[in-house]
Each structure stands twice: as structure tokens, then as C-alpha cells.
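Okay, so here's the structure we're looking at.
The structure displayed is predicted, hence computed values, not measured ones. Sequence lines set the chain letters: A, B, ... in the order given, protein chains first and strands last, and positions in each chain run from 1.
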Amino acid sequence: MAEPDPPPTTGEPADFIREIVSDDVRAGRHQTVVTRFPPEPNGYLHVGHAKSICLNFGIAREFGGRCHLRFDDTNPLKEEQEYIDSIKEDVRWLGFEWGEHLYNASDYFDQLYQWAELLVGQGLAYVDDQSADQIRETRGTLTEGGRDSPYRNRSVEENLDLFRRMRGGEFPDGARVLRAKIDMASPNINLRDPVMYRILHARHPMTGDKWCVYPGYDYAHGQSDAIEGITHSLCTLEFEDHRPLYDWFIEHLPVPSRPRQYEFARLNLTYTVLSKRFLLRLVSEGRVRGWDDPRMPTISGLRRRGFPPEALRQFAEAIGVAKRESVVEYAALEHAVRDVLNRTAARKMAVLRPLRVVLTNYPEGRTEEFPALNNPEAPSAGTRPVPFSRTLYLERDDFMEDPPRKFYRLAPGREVRLRYAYLITCQEVVKDAAGRIVELRCTYDPATRGGSAPDGRSPRATLHWVSAPHAVRAEVRLYEHLFRQADPGAGGDLLADLNPRSEEVLAECQVEPGAGRLAPGERVQFERLGYFCVDPDRTATLRDAWAKVQAREG
RNA sequence: UGGGGCGUGGCCAAGCGGUAAGGCGCGGGGCUUUGGACCCCGUAUACGAAGGUUCGAAUCCUUCCGCCCCAGCCA
């Protein structure tokens, strides 16, 4: 569910980009602010993209402008329809809408081609017959300029002829490229006659077999921005060096508008890798179950994990936007998730590692129900009846035969409160032949119905529980970081840092009956355990599939 | 050693010459039928370093140091 739009921000701009936009608006440089989110459909979106989406759509919303969703589909070798579909779904899920402003760089291939011919006609672009290797060798190094291609000074006529024949499919892949004629001696490598078009006899998801020459990012991106009337083209830091080139094309072409590029630092998260290339590898090698595996930092993975879209937006706002490279602690993301879930997730009781408890003085066959708060943070959420009986399940972790100093929970001879029910006292520990605890025999105090004692005594601990005969068996999956290192790959090998215990499956859990009626995707808090989400993609029996969102405590 | 950026507490991040916001985390206390949440309090004489300008500098100048990005017919 998309949340309603947050109220427009007022007051001072929250970051340097909003400050720029704000100044532009105040100075009257634009009548409408237009931004764009330009993903390449070569993989699924991840939290890093969420930051960019929140920035671009957020600014558009705050300034009463609009944000386009534009697929940067200039490389048919890597792009697929599946990715296009997932990207749209993820952006919508995050709570943003592009309306009719859905575009593709490929929508502009005709225009881009015409402008390329225009540049050729002005002597500002030429066809180079050198191989990729030769171009690399003559590009120079970081400290020395490059050398002109022997084809650099062909006549306009010859260039035009060659370029048209490239388009016509006369040459094989890699035979020739179209290059912008700028400056082979530039200290900025991006200006050393960058490649504008390459020959690629490949079928494109949108244009099919219409083209066999495709524009590169540098040539396509800025012009696409100009065509769409983008006012502020926001991208990450690594494109800072490309800005002079971005501007060069804009200045030398009869484009309909004058967009400006601004760069900000991409998101880095501890215990996480945000590289589409690597995430693709995890998926293709089967190290995870798919792009939407709950352990993946993809938006679809986080969604399946149970992270609410509001939490991602809140997170994006909390971390800010700046130019300095930084690594945000995963705890900041978790905080946002807990903050949202604490006030929205319904509470349920579930026992992950059941320990049978028999209340020896509770009548056999008797059942009663206690009203339990659905959400203490939101009284309006009401209550639900939870069945109680003589035989219960308690969490094994909540009992210790020989409790250490600060352990407040159940122990032999000790009294604790069962949430919403009674105070009980452990009288006897039953073990099997192997010495393993199999059952606890306790007594309850009938006078403490509801959980409070008339004499005012109050146990240190309140435990969650489930009535054995009423419980629903469930599989619960607990998740940890995908990587065991805060900075995965620091040692040179990302795969070596994968956390072998990133997923733990508990098949014998017992949950209160109401938990069996939850809808797929619904998020709940199992009291004292953490937040969980009904896994929508699991087996037919929805109730036996849960994914852990947050562990409350180690 | 070319070019482009960046350096404020453990992690993010405000600050735009007038004497260091906020969030996360952490520590302490309160409250509590979730050891949760919530509420208090604490957590940078200090802003990469050194000089300089100024009544006054994290904010201006100089030099130095450190880190990141760029040599795809990827984006």
C-alpha cells in the first residue's frame, strides 16, 4: 500500500541539492521543477536506488514539480523486460507515481541519431575505424594526453557516409564507432573524443531489431534530459567527471532545454553490498534464492522481508544527502523499520522453540480466553481473544534450571507472569532419559486472572505463551546480515564474507490461532521476539511461512 | 606524478565570519503485564594539520596531509 504523500516540507532546504533547487525556483529560473529517476533495466533496484528515488521524487513533490521514470536502455546486451517490470513495481511500492511520465532513452533513438549526424556535419564527430584495443592504447593515461586517431580528420562527407552505413548494418560489431571530436589532450579523460555510438547487432527490449548502432550513456543521457525538460539531473559522484561532457553535448546541440547535472554520494551500508553486478552474481550462482530473497538489499528483498515502504522513506530522510562518501550503519535502517512497525504492526504471541508446560492445578479440559491488546501503541487497534488452557508452550529461552544473576525469567520455584493470563510458579522440571528438559510442571494462581495479583506482587518477568491445544504450527525463518563483516569484501573476497548463518529455519514453532489468519505480506510483532512478515511467495499454506524482520534481542 | 571531488563526535549530518543543530549508536536513570516502546540525562573547549587575516574562523587566505573517483565500443 502506498502511503499518502507526506506533507510538503517547509522552512530551510534539507540538503545542498534542495538548496540549489530552491534557489533556482526563487530566482525564477524554472517555472516547474522536473527531475527524473533513470535506472538501467539490467537488474533489480536496491536500497541505494531507494535513496535516489526518494530524492528525485521527493524533490518533485516538495516543489510542486514532477519526476519522470526513464529507463536508461542504451545497452541491449544487458537489459531485460523482467527488470523493467520489477523497477516499476518497486518505485510504486515505495509510494511514488510517475503518472504519464514513463519514458525510455530508446524513445529518443531517432532524435539522438539525427543530432549525431548534425554533429558529424559540423565536424564535431567522426567515425573511427580503430579497434577497441587501439582506442584504448591511444587514449593516453591519467598523466599523459592521448594521440589523435588516424581517422580523426576524415571529411564530413566520408564520416556521414560511414555513419549511415554503420546504421545500415554494413559493418560487424566493433568494426567502427562514432566519436565526438573534442580534445585528445584533455586532462579529463572523458573529453578525449568519447565514443558516442557503437555497433551492436542485438535485439533491444523496446525497439527490437530496428537498430544496430546504440548510443552510449554520455551521449544519450543528457540529451534525454533535455528532451524531457529535466531541470535538475541528479546522479552519483562518479559522474562528476562526466559533467563537462554532459555540458558539451548540450551546448553543441539544438536541444530544447538546458538541464543541469548535480552529483551526490551514493549510499553505502554496513554488512551490505550494493552493487548490481554482485547482486546479479549472488542470484545467478544460487547463493540466495532470487532477487527478492529476504536477505537481499534489493527493494523486493526488503519488501519480502517485511520492511514497510514508509520505513525506507524515513530512512532516506534520516541519512540525508551530501557529497562526502560515507557508510551508513545498518542499525539506522533497522531503527526506521522498528519505528514504523512499532506503531503499525499488530501484536501476536508465538513460541519459536516450544517447551511444554502443564499447569497441574488448572482444571483438565477447561479453556478460557483473555483479551490481548492488538497494539499497545495504538489503543484504537482494539483487542483480540487469546485462548488459554492447562497445557501451554513457553519459549525454551525463557526457562533456566540454574539461572545466572540477571536472568529474570522462569526457573525452578520462581514465579513469573504469563502475559494477559496468570502468574505461574515452576514446581518441577521433567527430563527425558538423555537429561533434556521436555516439560515443566507449574501451578497457577487463580487469583491473578488477567495477570495482576490482588496483593500487589509483581514478578520481574512477563512471558509470552501459546495454548498448546489451540496453537497453530508454523515455520518461522530468522535472518541475520547476508555478510558477517561490516565491510564485506575488505579482504578482497566478497563471497568469503557471506554469512553462513544468514538464514535459520525453525519448523516447529507454535503461534496463537489468530496468527494463522494473516494475509501474505502482513507484518506483525511477535511479542518479545521481534517483527515478522507473512511470506507471500511460499507454499500454499500461508500460515506456515514467516520471515523475521527484526530480532528484538540477541 | 594529470583531472575531478571530499575531510565536523563510533556512524550519518546541520553549520554559509559571531562563539559546534538533529538522527543513529552507546552509557546512566525513570516508567512498564513486551528485559520492547516511551520519558529524562550524558556523550566534540572541538570542526584533517599547520600557519595567516579578523575584535571574533568549522566557516576567509596559504601550505601541507589523508581518502574517493576517472584510462568500458558499461551505466
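At a threshold of 4.0 angstrom between heavy atoms, the contacts of P376(A) include nucleobase atoms, whether or not backbone atoms are also involved. Nucleic acid contact for G216(A): sugar-phosphate only, since backbone atoms but no base atoms lie under 4.0 Å from a heavy atom of the residue. Base contact: E19(A) has a heavy atom under 4.0 Å from a base atom. R139(A) comes within 4.0 angstrom of the backbone, heavy atoms only, and of no base. Counting non-hydrogen atoms under 4.0 angstrom, S452(A) reaches a base of the nucleic acid. Among the protein residues, Y214(A) comes within range of no part of the nucleic acid, since none of its heavy atoms lies under 4.0 Å from any strand. Q130(A) comes within 4.0 angstrom of a nucleotide base, judged by non-hydrogen atoms across all strands. Within 4.0 Å of R277(A), counting heavy atoms only, lies no atom of the nucleic acid at all. Within 4.0 Å of A132(A), counting heavy atoms only, lies at least one base atom of the nucleic acid. When heavy atoms are screened at a 4.0 angstrom cut-off, K406(A) is found touching base atoms of the nucleic acid.
When the P atom is compared between rC26(B) and rG66(B), the two are found 34 Å apart, to the nearest whole Å. Rounded to whole Å, the separation between the P atoms of rC61(B) and rA57(B) comes to 15 Å.
Rounded to whole angstrom, the span from the CG atom of D487(A) across to the P atom of rC12(B) amounts to 12 Å. Rounding to whole angstrom units, CD of residue E317(A) and P of rA13(B) are separated by 15 Å. Atom CG in D23(A) sits about 11 Å away from atom C1' in rC16(B), given to the nearest Å. Between D241(A) atom CG and rG72(B) atom P the separation is 14 Å, expressed in whole Å. Spacing between atom CG of N75(A) and atom C1' of rC74(B) amounts to 6 Å, rounded to whole angstrom units. Spacing between atom CZ of R266(A) and atom P of rC70(B) amounts to 10 Å, rounded to whole angstrom units. Atom-to-atom, CD of E238(A) to C1' of rA71(B) comes out at 16 Å; the value is rounded to the nearest Å. Rounded to whole angstrom, the span from the NE2 atom of H242(A) across to the P atom of rA71(B) amounts to 8 Å.
The glycosidic torsion of rG22(B) lies more than 90° away from 0, placing the base in the anti range.
Closest non-hydrogen pair, W291(A) versus T298(A), comes out as O-OG1, 2.5 Å.
For R343(A), no side-chain nitrogen or oxygen approaches OP1 or OP2 of rC38(B) to under 4.0 Å. Residue T74(A) has a polar side-chain atom (N or O) positioned under 4.0 Å from OP1 or OP2 of rA75(B). Distances shorter than 4.0 Å separate none of the side-chain N or O atoms of S326(A) from OP1 or OP2 on rC11(B). Taking 4.0 angstrom as the limit, H335(A) places a side-chain polar atom (N or O) nearer than this to OP1 or OP2 of rC24(B).
On a pure distance criterion of 3.5 Å, no polar donor-acceptor pair joins the side chain of E334(A) and the base of rG25(B). A donor and an acceptor atom sit less than 3.5 Å apart, one in the side chain of R409(A) and one in the base of rG35(B). Looking at E325(A), its side chain has no donor and acceptor atom pair within 3.5 Å of the base of rG5(B).
In this structure, F388(A) has its ring center closer than 6.0 angstrom to the ring center of Y362(A). Taking the six-membered ring wherever Trp is involved, the centroid distance between the rings of Y422(A) and Y444(A) falls below 6.0 Å. Ring centroids of F163(A) and Y197(A) are separated by less than 6.0 Å, placing the two rings close together.
Side chains of N75(A) and Y217(A): no donor on one and acceptor on the other come within 3.5 Å.
Of the residues R154(A), R179(A), R152(A), R165(A), the one that meets the salt bridge (charged side-chain N to carboxylate O under 4.0 Å, His left out) test with D129(A) is R154(A).
Nucleotide rC26(B) has rG42(B) as its partner under the Watson-Crick or G-U criteria, with both atom distances under 3.5 Å. When both pairing distances are held under 3.5 Å, rG2(B) makes a Watson-Crick or G-U pair with rC70(B).
Looking at V416(A) and T462(A), their side chains never come closer than 4.5 Å, going by heavy atoms from C-beta outward.
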